[in-house]
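A short worksheet on the structure shown next.
In listed order, ligands and their atoms are each counted from 1. Counting begins at 1 with the first residue of the sequence.
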Amino acid sequence: MGAFAHMAAMPDLLSVIPVPKREDARYCQARLRLLIETLPVTIWFNPVGVAIACAALWFGRSDFGDLPAWRMALAVGCQCVASASAAVAFRLYPTVSCESVSRVRRALVALQVMIGLAWGGVVWAVWIEGNAANNCFAVIIAVMALWAMALTRCAVRSVFFAGLASLAVPLCARFMTSSGVTAYVFLALLPIWMCYMLFSGLSARKRVDDMLAARFANEDLSRELAAAHDEAVQKREEAELANKSKTAFLANMSHELRTPLNAIIGFSEIIMSQALGVNNPRYPEYAGDIHTSGTHLLTLINEILDVAKIEAGRMEIAPRPLHVQSALESVERIIAIRASEKALTISYSVSPALDEIMADERAFRQIMLNLLSNAVKFTPQGGHIAVDCRVADDGGTLVSVTDDGPGIPADKIEQLFKPFTQVDNRFDHAQGGTGLGLALVHGLARLHGGRAWIESSEGHGTSAFVYFPLATVKRDLKRAM
Ligand code: ADP
């Protein structure tokens, strides 16, 4: 039952595999290739076969009739010329490209006319007026040639027809210009032979096409299977990477959450139990530490929620005219404290042409804070960071943060915009972090219709860019109003 059900499903399965049309260049190429592959038979067999036939006529001249040597040489010569031409074509067209299909087809038609005429020439050369035995022998050779032609040239219709016609015409001329019953019988039989060859050739061509259709369907299926396999492997690698990133994230997060939580619990316990005595002057300091740790925790949790929201497509932004200089100053105040701890200098440059941009204020500050936090985190003591905001070539806004830190290996850059991803080097282990910052920057930039990217190489610092497209720049709105 199961087996029958499977068989019933087969036609459906086959119907989804697109079968190429028979006029496709791919079919034409394959048919021409099949024909070219038969040329070695023509190259070797035709002159050798005719030479053997002439030898038979020579040694059997008592029965076949006396044929002058020059006529035999002419018959073999005709075949040698055709065979040499076939050899040239075989060498010239080892492959058939899409563009060369028509050219190769024309060349093969010309070659086939030459081969047909060469066979006609053989019959004319060995024909002895009134000698039925000799002439029957010649015609048998010609009919064998016709038969071979129907089988080997049927794949390409124009070549096949050219072959039949170029042999039929000299044969017909030969029979019509001869006297005697044999010639008339051959003349009567010629149309029947031609019809028979035509029918055989065309039905052989159909079988060739069916074979090609099966071959192409097979090739297409294998290609699709290979592509599906590659995609599956890529998806598996991505899933493994995501899994690894999440495991790394959990390890990082437990560290990131535990450190402030331990501080909060530890300091609050000291204050609660008045462990250092009543109204110890250090209690307000501890309360400050609890506040800092709590704020840090809140930032962390907010980042996680923001990334989750962006990933779920539920984050909304409210772009408003934003004064770039003032937005940068508010970020500068926060970051200056951390920068001064490492004696870093930060230079800010805002192009005079850039006044207000259309952006969500919180998102813009978050983007700048994340990029600057990374720059501060990874720039060594006493280093320099440059913030640059300018009008991009196409009129949008380009913001960049450049540091002279350790840089990022080129092959790692792309993946850093995925959540929970870190370079995983000694700097990361030293600096901590969750791998969420750049994912947020990327997500927020895209919400503005822009994009974020990094240019960096190991040991040569890092430049992080965010591009806001023209539509978000306010001066453009002014122009439109
Ligand atoms: P986090 O810094 O919290 O780990 P991010 O998404 O902001 O998360 O950064 C991901 C990783 O990208 C960092 O862990 C670090 O490996 C690398 N990175 C980001 N910015 C820089 C930079 N300016 N210099 C060197 N590495 C950086």
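Ligand 1 lies out of reach of Asn370, whose nearest heavy atom is not under 4.0 Å from it. Not a single heavy atom of Lys412 sits less than 4.0 Å from an atom of ligand 1.
In this structure, Met149 and Leu164 approach most closely via the heavy-atom pair SD-N, 3.8 Å.
Distances below 4.0 Å separate heavy atoms of Asp403 from the following atoms of ligand 1: 22 (C), 23 (N). Distances below 4.0 Å separate heavy atoms of Leu436 from the following atoms of ligand 1: 6 (O), 8 (O).
Residue nearest to atom 2 (O) of ligand 1, selected from Glu303, Gln415, Glu458, Lys377: Lys377 (by heavy-atom distance). Nearest to atom 6 (O) of ligand 1 by heavy atom, out of Val307, Leu438, Leu416, Ile385, is Leu438.
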| task | Give the C-alpha distance, both sets of side-chain angles, the deciding distance and a yes or no for salt bridge (charged side-chain N to carboxylate O under 4.0 Å, His left out) between Glu219 and Arg215. | result | CA-CA 6 Å; Glu219 281 173 7; Arg215 193 177 94 189; 3.5 Å; yes

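Residues satisfying the side chain to side chain donor-acceptor pair (under 3.5 Å) criterion with Ser349, sequence neighbours excluded, are Asp388.
Not less than 6.0 angstrom separates the ring centroid of Phe267 from the ring centroid of Tyr283.
A cation-pi contact, defined as under 6.0 Å to the ring centre and within 45° of the axis, is absent between Arg205 and Phe160.
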